[in-house]
Protein chains: 2
Amino acid sequence: MRIEGADPGTVRPGGRTARVRASVLQAAGDALAEHGFAGLDLADIARRAEVGKTTVYRRWGTVTILVADLLTDMAEQSLPRTETGSLLGDLKANARLVQRTLADPRQGALFKAVIAAATCEAKTAEALHRFYDIRVKEWAPCVQQAIDRGEVPEGTDVHEVIRAVSAPLYYRLLTSSGGLDEAAADQAAEAAVAAARAGAYLRGDEGHA
Amino acid sequence: MRIEGADPGTVRPGGRTARVRASVLQAAGDALAEHGFAGLDLADIARRAEVGKTTVYRRWGTVTILVADLLTDMAEQSLPRTETGSLLGDLKANARLVQRTLADPRQGALFKAVIAAATCEAKTAEALHRFYDIRVKEWAPCVQQAIDRGEVPEGTDVHEVIRAVSAPLYYRLLTSSGGLDEAAADQAAEAAVAAARAGAYLRGDEGHA
DNA sequence: CTCATAATGGCACTCCAGTTTCGTTAATCA
DNA sequence: TGATTAACGAAACTGGAGTGCCATTATGAG
């Protein structure tokens, strides 16, 4: 007897089902990086993935849901964080990592597309938020260490500092034609450190800048 | 004799043509705010604008080009800048303006949609970049005044400081589920001021943060 | 290994976004 | 004011995105 509420792919997730998912997500990433979010059709993805288009429509249904799944997959592949001993050093490492990712043609286009998709569907937006929450949490400890060392005032919102590093880089990517070079990354890190030291990111406080 | 290369709407831009453009852009804004960038079809816009769908397809052709035109229109409607006498005051005013705009359901959705559209087409991206260039230029003088007053070091990139105020707000809008409140706006302004004072936005220099 | 059935994939079908055609309306110029 | 023709709009048309059906494949349990 068939269980009505079960989504396809959940009862027998191994073997072919997993292979199909991996292949489709790979193809989706390629297609997004190439054509962007608009002008993307599932039939094309199915062709690239060498999978029947019926399967893609049945398991994901829409482009935005497929992107949400892609984001879940991307979130699982976490990059290890480097430690340099100083807040500026750590944040520069973070900023350069983000900058390199966004400046890379394929990755940059993919991130743009993924952000665009997230503006169109709540489920996708949720997946995107989870993705960034994970990344931010991964790097937050280096700010805590800076607090412990006395580099940054007690009560600083460590997550907000990490976000402050990425924000100007993403803002550039989306709203400006200027290139994303290492100087931009370093500037982002330096600005975040300066603001954090000045107490601009104190929790539940307006700061004293 | 018909001029082959002339786009429709360029030879007789007055009267009805202008009315149609205004009506369609209004409808496009409404539709974008309601349905987002995806799930937007030109036939729906034509219906809202009480205009033949043939006209919309002929004059704009695709959603992304229509959005580019909408952005050109939005760029022309400039908001006057307030002056408070201090850099922090000016930037807080700017941050709150941005925050109120993005937090407003209609405007926020519209901006998200417009950014999404810009990731899909070069022409639209160009229009978006122009839009922000204009806004940044509008506010840049208040940073120059701060330099003249000695609040901020000589050689600071005034445009970069303005962008630094908006960046965290847009980053929140797109990548986080956290609400955009006045505290977020104030924090963005304070961080920008602290970083600017510390020399993080010195032109062609890595700063000394 | 064998069985029950989850999941896939090909094919035919539907439906609507986007196009073409052509008659009507009205902007611009003399 | 009238002539010219740019621009609009209704209707008919078309291609392909998305769906339903069913035979085939192969997963996972016993």
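So you know, we letter chains A, B, ... as the sequences are listed, proteins then strands, and number each from 1.
In terms of the salt bridge (charged side-chain N to carboxylate O under 4.0 Å, His left out) criterion, A/E138 has no residue partners (sequence neighbours excluded). Residues forming a salt bridge (charged side-chain N to carboxylate O under 4.0 Å, His left out) with A/R106 (at least two apart in sequence, or on another chain): A/D30. In this view, B/R47 and B/D44 satisfy the salt bridge (charged side-chain N to carboxylate O under 4.0 Å, His left out) rule, not counting sequence neighbours. With sequence neighbours left out, B/D90 forms a side-chain contact (heavy atoms from CB on, under 4.5 Å) with B/T84, B/C142, B/Q145. Legend: residues meeting side-chain contact (heavy atoms from CB on, under 4.5 Å) with B/A109, ordered by chain and number and at least two apart, are B/A33. For B/H159, the side-chain contact (heavy atoms from CB on, under 4.5 Å) partners two or more places apart in sequence, or in a different chain, are B/V136, B/K137, B/A140, B/D157, B/R163. Applying the salt bridge (charged side-chain N to carboxylate O under 4.0 Å, His left out) criterion to B/E83, with sequence neighbours excluded, gives B/R81. Applying the side-chain contact (heavy atoms from CB on, under 4.5 Å) test to A/R135 and every residue at least two apart in sequence or in another chain returns A/F131.
In this structure, CG of A/D7 is placed 13 Å from C1' of C/dA7, rounded to the nearest angstrom. Following rounding to the nearest Å, A/R12 (CZ) and D/dT27 (P) show an atom-to-atom distance of 9 Å.
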Side-chain donor/acceptor pairs under 3.5 Å, residues 10-18 of chain A, sequence neighbours excluded:
{"from": "A/T10", "atom 1": "OG1", "to": "A/D7", "atom 2": "O", "distance (Å)": "2.6"}
{"from": "A/T17", "atom 1": "OG1", "to": "A/R12", "atom 2": "O", "distance (Å)": "3.1"}

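Within residues 55-69 of chain A, the residues having any heavy atom closer than 4.0 Å to DNA chain C are, in order of number, A/T55, A/R58, A/R59. Near DNA chain D, meaning a heavy atom under 4.0 Å away, the residues from residues 19-54 of chain A are A/R19, A/D41, A/K53, A/T54.
Axis angle between the ends of the helix from C/dC1-D/dG30 to C/dA30-D/dT1, five pairs each and rounded to 10 degrees, works out to 60°.
Looking at A/T72, its side chain does come within 3.5 Å of a backbone N or O of A/A68 through a donor-acceptor pair.
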